[in-house]
Amino acid sequence: MKETKGKKTPPAQANSQDQAIKTKPIMPSLQDNLELIRSQLGNSSDIVIRELSYPGGDGLALAVVYTDGLADKQSVSEFILESAMLRDQMTRGEGGDAVRVSPQTLVNQVLSISDTRDVPNYGSLFNALLSGETIVLVDGYASAIAAGTRGWRDRGINETLTETVVRGPKEAFTETLRTNTAMIRRKIKDPNLWLETRQIGRVTETDVAIMFIKGIADDKVVEEVRQRLDRIDIDGILESGYIEELIQDETYTPFPTVYNSERPDVVAAELLEGKIAILVDGTPMVLIVPALFVSFLHAAEDYYHRFDISTLIRILRYIGVFIALFGPSLYVAITTYHQEMLPTQLLYSLAAQREGIPFPAFIEAIMMEVAFEILREAGLRMPRTIGPAVSIVGTLVIGQAAVEAGIISAAMVIVVSTTAIASFVFPSYSLANTMRMLRFPLMGLAATFGLYGIIIGTFAIVLHVSSLRSFGVPYMSPFAPLILSDQKDAIFRIPHWAQFARPRLINRNNRKRQQKPSSAKPKP
Amino acid sequence: MARKAAWLFIFLLMLSPILSGCWNRRELNDLAIVAAVGIDKAKDKYLVTVQVVDPGEVASRRGSAGQSPVSTYHAVGGTVFEAIRKMTTSTPRKLYFSHLRIFVIGEELARQGMGEVLDLLSRDQEGRTDFYITVAKDTTAQAVLNVLTPLEKIPASKLYASLEVSAKSWAPTVAVQLDELITNIVDPGIQATLTGVTIRGDLEAGNKKKNLESPDVPTRIQYKGIAIFRGDKLVGWMNEEESKGYSNITDQLHSTVVETACPNGGKMAVEVIRSKTSIKAKIRDGKPEAEVIMHTEANVADVECKIKLTKSSTLYELENAAGAAMQKHAEHAIVKAQRLKCDVFGFGDAIHRAAPGYWKHNKDNWDEQFAKMPIRFKVNVKIRRIGTIGESIMNDLKE
């Protein structure tokens, strides 16, 4: 761990002691080793130390250490303890005398477990032990074996909750890194799918894996991801959001510049486009970089349905972006500054609804928006059983009673609810949050400058978005800069047989997806 | 330092919305939406009448409170603008003119010249110029705006809609908007026209909500005739037939009904579905002359006599008869215009295009030239369809 800035506090004394333990090699004496493990872990009750001795041997010969709950007890008993004990009987049967077994022999001839490795020092010993591996220590040898017995209770693979589809795979990632990588491997059986794991977090030592397809992903971007991950110096990583915030290009932007998904098929598709996935142990949300604005508007299902309907739905989503962003502000601007733009009949009916409303349209809009956001947040946080009750109260109070009481005009309820619904069409929740946030300043601009203010706000947003980059790739590509060949999969989704190339700014070297067929039709 | 300056700049920028203080902001319920404006002459001043919509009464679903859907306010002023601003003493809110539907000019004012009034309309930035302009015939604009109308709650909307519909499907009305009117007034090659609007029935009863209580209302406003202007002054009226001819010559005819006599007694009507008229002017022997070419397509609409429609010769006869009837209307219109020495058809513009040199020397006395200019017609009527039945049921009727 390195210090990046002089301002930071020097590492604490305890840390340097920890450092010493971490690099301390395994001692030859089994007794000493066990003593150290016990003291370092503070005699934690979930650490199980099973000692074996051979009859006729001098005291302890072998110790098996594992963490209860993290290691699979059955494999520990069957493949480690049982094997070791049987071997003991066998050797005794032959020579009558106990034979001292070296760790090498143990691995090669005794332990019937598939995945073992040598542990050189205490740092990796603890890491292995606390990840669920089983440590086998042999008396008289200054080395230890870590046997892969990871196996804990996890949630299992469930249906996705945040990115639902009608057609397409329903599975979602789980909280276990290994399961997640396996789910991606199951989709891409190419030796070039590479996986690099590192541990981030001084205390949590969370496994973080980078996954990419060698040869498709840009090596420079992969290197950049590695560097940014290595630069992280934090005590704990509990969710991929930590990583996202620590490695993103720009923090002070409402726009997400790292994509996330809990769908293995989405991650696989992005890997095929040359992007890089970052998997974090303990969360089902997988990060994908570089992220483009358009990918936040692409749903997995777009590629599973026919291209025509997918294109239409994408256009619908862009309309949704427009409404979610500008809905209330346009209403406020037009009804308070530009009444001449309304059709005459509409003006009459809006004016009739506003008769007797005590607040200006802007205050009305703010009140409704805030009420809606509160309802939405309440709906997310409260216990699920109370949900329906709150939504009924919310709709009744806000939707109906407020209108009938003459506090809010009916048109405003329509505008705000349309906006709210429009903000749910995004496949990505992070972009929906962006729109939610930007709506309020735009409403303020609309209330002070009218449409002119909205134009100013739009300019500011467009300028800002065009200046963003995600791992060196312009965020708004393929619109800014305009890349004609990438328009095939931006607003439009043209048929798969016509998509020859991968996005240009992401794959600089290997762009070819398929040979050019003239059409999907078989040749006569 | 530069960083500090940047922050300061952003901070100042963020202040600007607060400082602007919502300049020009008007809530919808602060507006008095003016649907119609009428201007009359009151001695040497203007009497301005505005019809203001009560949106609650118009759009409310909860049933109206029994109030009139519109209120009219009027004021007298030396200029139109002064009169309008004077009205704030009696209106509860500021008048809002963007959604003006109809502009009525009193006949008296129209006869004395309405140019001064039009200036305000085109100068004001608040207005949308998509309203129609009409002349109150035999009455005042104020009286027209005071009549309540059934079906369409806002009288101004009624006037707007019925002018639009009748100009499209009946023809003896012209829907004129401000830009066209002003162009025609200032262009020496064409004179302006406006449709007349008149009150039929009891003037007093029309003001009351009672007017809406019977199915056949005692008082109604309707369009009648086309007013002929010389410059900005009204000089005469065309009747219905002449008006029809006028819209046909000026190519404003979209659809109308042409009535013709059957060869052996009785009447029938054809519906014009498409019509294209062009004016060709030229100078022959130093004199201007013009030809009006009409291409018209029509359907048989109504047969009230015994004829064999299935024979093509009958249809040819019908085409000729309809053509003759249309030509007659057009000739009447031209006779009226030539008598008034008002070139409302734009023959002057046609001469201008055909012979700019001649026009240059003669535009100042074009009215005189127009009055004695020979105009020929070439009418070409095609009957396309005879409707869903072939022969008339009259043929099977036993007498």
Side-chain angles (χ1 to χ4, degrees), chain A residues 252 329 331-366 403-404 406-412 415 440-457 459-460 463-464, chain B residues 10 13-36 52-65 67 69-70 92-102 124-131 152-154 156-158 160-161 164:
Chain A
Y252 298 108
S329 42
Y331 178 79
V332 168
I334 290 179
T335 55
T336 51
Y337 288 96
H338 312 281
Q339 295 93 350
E340 65 274 4
M341 287 179 66
L342 292 166
T344 306
Q345 289 299 328
L346 183 62
L347 176 77
Y348 294 155
S349 97
L350 289 182
Q353 288 170 33
R354 273 206 59 85
E355 289 292 333
I357 304 289
F359 304 108
F362 173 61
I363 302 294
E364 219 185 331
I366 288 282
V403 173
E404 278 181 12
I407 298 171
I408 303 286
S409 66
M412 185 56 83
V415 168
F440 288 94
L442 278 174
M443 275 157 66
L445 283 170
T448 44
F449 298 116
L451 284 182
Y452 177 62
I454 294 182
I455 295 293
I456 294 177
F459 264 114
L463 284 177
H464 172 70
Chain B
I10 290 170
L13 209 66
M14 280 162 70
L15 276 183
S16 60
I18 305 164
L19 294 175
S20 79
C22 306
W23 176 68
N24 246 3
R25 190 177 67 90
R26 287 166 305 194
E27 292 296 333
L28 285 181
N29 40 358
D30 297 336
L31 299 177
I33 304 162
V34 176
V52 175
V53 176
D54 176 357
E57 200 62 31
V58 174
S60 156
R61 280 166 296 122
R62 276 173 232 151
S64 54
Q67 297 169 358
V70 291
R93 299 167 182 175
K94 192 172 171 230
L95 296 174
Y96 181 67
F97 286 92
S98 290
H99 283 270
L100 192 62
R101 305 319 282 152
I102 200 103
D124 192 56
Q125 80 282 1
E126 206 178 52
R128 290 198 323 197
T129 53
D130 64 343
F131 53 88
E152 191 69 73
K153 278 183 179 173
I154 304 166
S157 299
K158 181 257 164 216
Y160 183 86
E164 205 163 48

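Heavy atoms only: backbone and side chains are in, while hydrogens, waters and symmetry mates are out. Order of the sequence lines fixes the chain letters, A, B, ..., with proteins taken first and strands second; residue numbering starts at 1 for each chain. All values derive from a computational prediction rather than experimental measurement.
Asn29(B) contributes atom CG, which lies 11.0 Å from atom CG of Leu350(A) (distance to the nearest 0.5 angstrom). To the nearest 0.5 Å, atoms CD (Glu57(B)) and CD (Glu355(A)) are separated by 10.5 Å. Rounding to the nearest 0.5 angstrom, the gap separating the CD atom in Glu27(B) from the CZ atom in Phe362(A) is 11.0 Å. For the atom pair CZ of Arg25(B) and OG1 of Thr336(A), the computed distance is 6.5 Å after rounding to the nearest 0.5 Å. The CG atom of Leu31(B) sits 4.5 Å away from atom CD of Gln339(A), with the distance rounded to the nearest 0.5 Å.
Within the 4.5 angstrom heavy-atom criterion, no atom of Gln353(A) approaches chain B. Both the backbone and the side chain of Arg26(B) come within contact range of chain A, with heavy atoms under 4.5 Å apart.
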Derivation of the side chain to side chain contact (heavy atoms under 4.5 Å, CB included) call for Leu28(B) and Leu347(A): CA-CA 8 Å; Leu28(B) 285 181; Leu347(A) 176 77; 3.7 Å; yes

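What you find for Tyr348(A) and Pro55(B) is that their closest heavy atoms are O-CB, 3.4 Å.
Chain B forms the most heavy-atom pairs under 4.5 Å with one residue out of Gly453(A), Ala361(A), Pro360(A), and that residue is Pro360(A).
Under the side-chain contact (heavy atoms from CB on, under 4.5 Å) criterion, Ser98(B) pairs with Glu340(A), Tyr96(B), Glu126(B), not counting sequence neighbours.
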